[in-house]
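What follows is one structure encoded as structure tokens, with my remarks underneath.
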Amino acid sequence: MKTFGYAAQSATSPLAPFAFERRALRPNDIAMEVLYCGICHSDLHQARNDWGWSLYPIVPGHEIVGRVTEVGSEVTRYQVGDAVAVGCMVDSCQHCDQCRKGEEQLCREGNTQTYNSRDRLTGDLTFGGYSKHLVVREEFALRVPEGLDLARAAPLLCAGITTYSPLRTWNVGPGSRVGVIGLGGLGHMAVKLAAGMGADVTVLSRTPSKEADALALGADRLLVSTDAEAMAKAQSGFDLIIDTVPVKHDLNPYVPLLDVDGTLVIVGQLGPMEEQNTVPMLIGRRRIAGSPIGGIRETQEMLDFCAKKNILPDCEMIRMEQINHAFERLESADVRYRFVIDMASLQAA
Ligand SMILES: [Zn+2]
Ligand SMILES: [Zn+2]
């Protein structure tokens with residue numbers, strides 16, 4: 001299937017129109033027209049090869065919402081016209097212990113990423129959602145529940161599940177004391193989801209200027225991390241802190257905020273952190289953990305939860321040709337809180 005999208009040809013080239021082929025449908029594949037695609041910070045990292053594993057050309061995009069246009073001969077879950085979504089992965093081995101548990105993101109053989117990855121059967125590069133059409137095996141497509149706004153649902157597929165999964169892993173519910181560091185795409189979803197689960201939510205910020213935003217998103221309060229007195233008072237007051245900051249930073253101020261057996265879970269930064277003092281970890285049996293996206297079953301659960309609770313990201317809609325400018329704004333954290341590309345704006349060259 002001939003299609004088109006936007007690709008980076010190298011770590012230094014801007015995204016530009018790119019025509020390419022999607023594979024012919026395998027028996028268990030669905031084809032979809034992409035209607036909306038969220039812009040994740042990792043799209044920018046991978047387009048620029050910040051992590052050193054980028055394969056070019058790269059068509060980013062792993063927060064994808066669209067409609068089924070065609071189904072393979074053995075597809076049972078979807079029909080033409082269904083609203084579907086695709087997140088960060090499009091395949092896994094399907095037979096290891098993690099896959100069998102529905103934790104395909106932790107596949108022992110490595111999951112196949114939606115872009116910047118290789119198809120398990122052909123070895124061809126995978127291309128993401130900054131494109132008009134997508135082909136995916138039905139097991140890795142999600143159903144967009146009735147009533148969830150398609151235009152705003154896209155960021156749930158990465159920012160949503162990346163923050164939902166640790167909330168579920170650490171059993172957050174009514175009365176849980178949850179802290180959120182960083183109020184970007186992931187952070188604002190962490191606040192909404194934790195509040196939706198009934199938790200007591202605190203946004204941790206270096207400046208008091210984000211207080212109104214934090215409260216508007218559903219947080220109970222803002223704690224200014226540069227206010228030594230307030231930080232001392234807040235010691236041992238959290239069960240879970242979700243750290244969404246996507247760059248190297250210092251965790252030392254935050255670990256003492258955890259209660260005994262509390263966990264600080266990193267979901268943003270992939271790479272080194274500042275030197276860590278382990279004293280508060282040993283003294284309070286506190287943990288620093290990491291968490292990726294969730295499995296397919298959990299992602300579907302998250303979408304259904306968001307539909308039921310009417311939880312949606314705050315989005316700024318852009319046109320496809322504005323992508324390079326959007327990347328610049330993303331880099332300076334100038335977005336509230338997630339860019340979404342309206343793919344109707346993408347026309348064949
Ligand atoms: Zn992402
Ligand atoms: Zn597996």
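Counting convention: from 1, in listed order, for ligands and their atoms alike. Worth saying up front: this structure is predicted, and the values here are computed from it rather than measured. Excluded from the calculations below are hydrogen atoms, water molecules and symmetry mates; all remaining heavy atoms, backbone and side chain alike, are included.
Within the protein, the N, O or S atoms lying under 2.8 Å from the Zn ion (ligand 2) are C93 SG, C96 SG, C99 SG, C107 SG.
Of the charged side-chain nitrogens involved, none lies within less than 4.0 Å of a carboxylate oxygen, so that K308 and E301 do not count as a salt-bridged pair.
Following chains of ILVMFWY side-chain contacts shorter than 4.5 Å, one can reach L346 starting from Y130, so the two form part of one hydrophobic cluster.
Checked options E33, H133, K132; the residue passing with T3 is H133 (criterion: side-chain hydrogen bond (donor to acceptor under 3.5 Å, both in side chains)). When the options F4, F127, Y115 are evaluated for a ring-ring contact (aromatic ring centres under 6.0 Å, His included) with F20, the one that passes is F127. The side chain to side chain contact (heavy atoms under 4.5 Å, CB included) with R287 is formed by just one residue from the set V265, L264, D261; it is D261.
The CG atom of D213 sits 9.5 Å away from the CG atom of L222 when rounded to the nearest 0.5 Å.
For the 3.5 Å distance criterion, the side chains of T114 and H62 fail to qualify, holding no donor opposite an acceptor.
N49 contributes a side-chain N or O that, together with a main-chain N or O of W53, makes up a donor-acceptor pair within less than 3.5 Å.
G294 approaches I161 most closely through the heavy-atom pair N-CG1, 3.3 Å.
The number of protein N/O/S atoms found under 2.8 Å from the Zn ion (ligand 1) is 3.
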